[in-house]
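Note that this is a predicted model, so its numbers are computed, not measured. Sequence lines set the chain letters: A, B, ... in the order given, protein chains first and strands last, and positions in each chain run from 1.
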Amino acid sequence: MKLATFNINGIKARIEALPAWLDNAKPDVVCLQEIKSLDEGFPREVFEGLGYQVETHGQKGFNGVAILSKLALSDVRRGLPGDDTDEQARWIEAVVDGPRPVRVCGLYLPNGNPAPGPKYDYKLAWMTRMEGRIRDLLASEEPFVCLGDYNVIPQAMDAAKPENWVTDALYLPQSREAFRRMLNLGLTDAIRARQPGPGIYTFWDYQAGAWERNNGIRIDHLLLSPQAADRLEETGIDKAVRGGDKPSDHVPVWVRLAA
DNA sequence: ATGGTCGGTCTCCGA
């Protein structure tokens, strides 16, 4: 079973590049972030036509997440628990059915800039809520994967120029600590497990020739529960997508689990 | 040190 995450930075802008990547990569399940669309504005027919079940959690203009799946989805839930006043569409989860089901949690973690400030406070509170959700899921002992745009650079080796990020919400100690707390609950950073060492990125800014200079950062992650990690077979980062026509600033990142 | 680019609610804001 191939599970992918892809921050597409607007579904309307990616209406050609996303189906092209799906045709090539043939993932079974894709969690999308920044669809920047209402549920009713999402072009679900395009993806249904490619054989995907489509579940969206949209919002006007900003944020918005979705799950596309070739396998049946059940128990679809929208929104991260823990704050009924939170109106930002950043979390969607569902169980992928099959002989060996797995729960997927698609997430778009808040950017948090500028820090310090209310946006950074929201980011850290959101991460604490996410940790709570992970604790509940771990207690169930069901296999699950939390995949998406975490907006966290875990370590210096995850940035081409870590010195450029020292005051940024993506790299501040509290952000990295909150990410580490999730790992320390027993989750596996799938990419890091298979590709130790520097130079592995998932995002290159549109500005200042970041792609041409390979000035990237690794902020899109797939964290596996212990029962999902048992089934880890292969990981990948579809870096070439960044060099394609009208690219997102992120690229797809994926994991293959034993069926 | 500065300026640089995308997307969408489009001459502003978020990233």
Side-chain angles (χ1 to χ4, degrees), chain A residues 5-21 30-44 46-47 56-66 80 86-91 106-127 130 147-154 158-172 174-176 178-179 201-221 238-253:
Chain A
T5 174
F6 190 4
N7 181 325
I8 56 173
N9 190 20
I11 185 59
K12 293 181 190 72
R14 231 56 65 201
I15 199 57
E16 292 185 20
L18 176 57
W21 170 72
V30 189
C31 291
L32 301 175
Q33 301 90 40
E34 287 204 88
I35 64 172
K36 296 186 176 180
S37 160
L38 291 165
D39 292 334
E40 53 269 35
F42 191 89
R44 58 171 47 247
V46 173
F47 304 99
T56 60
H57 181 38
Q59 175 179 346
K60 193 174 183 182
F62 303 108
N63 307 322
V65 289
L80 179 64
D86 185 359
E87 295 184 344
Q88 298 193 32
R90 296 179 174 277
W91 181 274
L107 65 115
Y108 177 46
L109 209 147
N111 175 294
N113 282 303
K119 291 187 175 182
Y120 193 52
D121 295 341
Y122 174 68
K123 176 178 195 157
L124 295 177
W126 202 96
M127 293 183 84
M130 180 173 162
L147 64 170
D149 178 358
Y150 280 68
N151 271 314
V152 174
I153 302 167
D158 296 309
K161 298 184 178 182
E163 66 274 16
N164 287 1
W165 298 93
V166 289
T167 62
D168 194 286
L170 277 60
Y171 191 60
L172 283 174
Q174 284 174 287
S175 304
R176 298 165 60 201
F179 181 80
Y201 312 128
T202 66
F203 169 92
W204 294 260
D205 201 292
Y206 287 124
Q207 300 185 63
W211 169 247
E212 289 75 11
R213 298 162 192 258
N214 195 27
N215 181 14
I217 53 177
R218 190 175 74 96
I219 56 175
D220 299 274
H221 307 299
D238 292 344
K239 185 174 176 179
V241 171
R242 184 64 178 82
D245 291 335
K246 215 165 183 296
S248 170
D249 41 6
H250 297 250
V251 297
V253 186

What is the distance from [atom1] of [X] to [atom2] of [N], rounded to the nearest Å?
| X | N | atom1 | atom2 | value |
| --- | --- | --- | --- | --- |
| A:Ile217 | B:dA15 | CD1 | P | 13 Å |
| A:Tyr120 | B:dG14 | OH | P | 19 Å |
| A:Asp220 | B:dA15 | CG | C1' | 13 Å |
| A:Gln33 | B:dA15 | CD | C1' | 14 Å |
| A:Asn63 | B:dG8 | CG | P | 13 Å |
| A:Asp249 | B:dG14 | CG | P | 17 Å |

>> Do A:Trp204 and A:Asp249 pair up side chain to side chain, a donor and an acceptor below 3.5 Å, judged on atom types alone?
In response: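 A:Asp249 and A:Trp204 do not have a side-chain donor-acceptor pair below 3.5 Å.
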>> Quiz question: by atom type and distance under 3.5 Å, do the side chains of A:Asn215 and A:Asp205 form a donor-acceptor pair?
In response: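 There is no such pair between these side chains.
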>> Ring centres under 6.0 Å, that's the criterion: do A:Tyr108 and A:Tyr150 meet it?
In response: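 No, ring centres 6.0 Å or more apart.
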>> For A:Tyr171, does the six-membered ring have the charged nitrogen or CZ of A:Arg176 within the cation-pi criterion, i.e. under 6.0 angstrom from the centroid and within 45° of the normal?
In response: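 Verdict for A:Tyr171: a cation-pi partner in A:Arg176.
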>> Roughly how many Å apart are B:dA1 and B:dC12, using the C1' atom of each and rounding to a whole number?
In response: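 To the nearest whole Å, 26 Å.
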> Looking at A:Thr5, A:Asp220, A:Asp149, which hits side chain to side chain donor-acceptor pair (under 3.5 Å) with A:Thr202?
Replying inline: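 Considering A:Thr5, A:Asp220, A:Asp149, a side chain to side chain donor-acceptor pair (under 3.5 Å) with A:Thr202 is found only for A:Asp220.
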> Can you tell which of A:Glu87, A:His57, A:Arg90 makes a side chain to side chain donor-acceptor pair (under 3.5 Å) with A:Asn63?
Replying inline: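 Testing each of A:Glu87, A:His57, A:Arg90 against A:Asn63, the sole residue satisfying side chain to side chain donor-acceptor pair (under 3.5 Å) is A:Arg90.
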> When every nucleotide of nucleotides 1-7 of chain B is labelled 5' to 3' by its protein contacts under 4.0 Å (heavy atoms), B for base, S for sugar-phosphate only, - for none, what sequence of letters results?
Replying inline: --BBBSS
> Which residue, A:Gln59 or A:Gln88, contacts DNA chain B at a nucleotide closer to its 5' end, judged by nearest heavy atom?
Replying inline: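 By nearest-heavy-atom nucleotide position, the 5'-most residue is A:Gln59.
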> Counting any heavy atom closer than 4.0 Å, what does A:Phe203 reach on the DNA or RNA strands: base, sugar-phosphate only, or nothing?
Replying inline: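 Nothing, no heavy atom under 4.0 Å.
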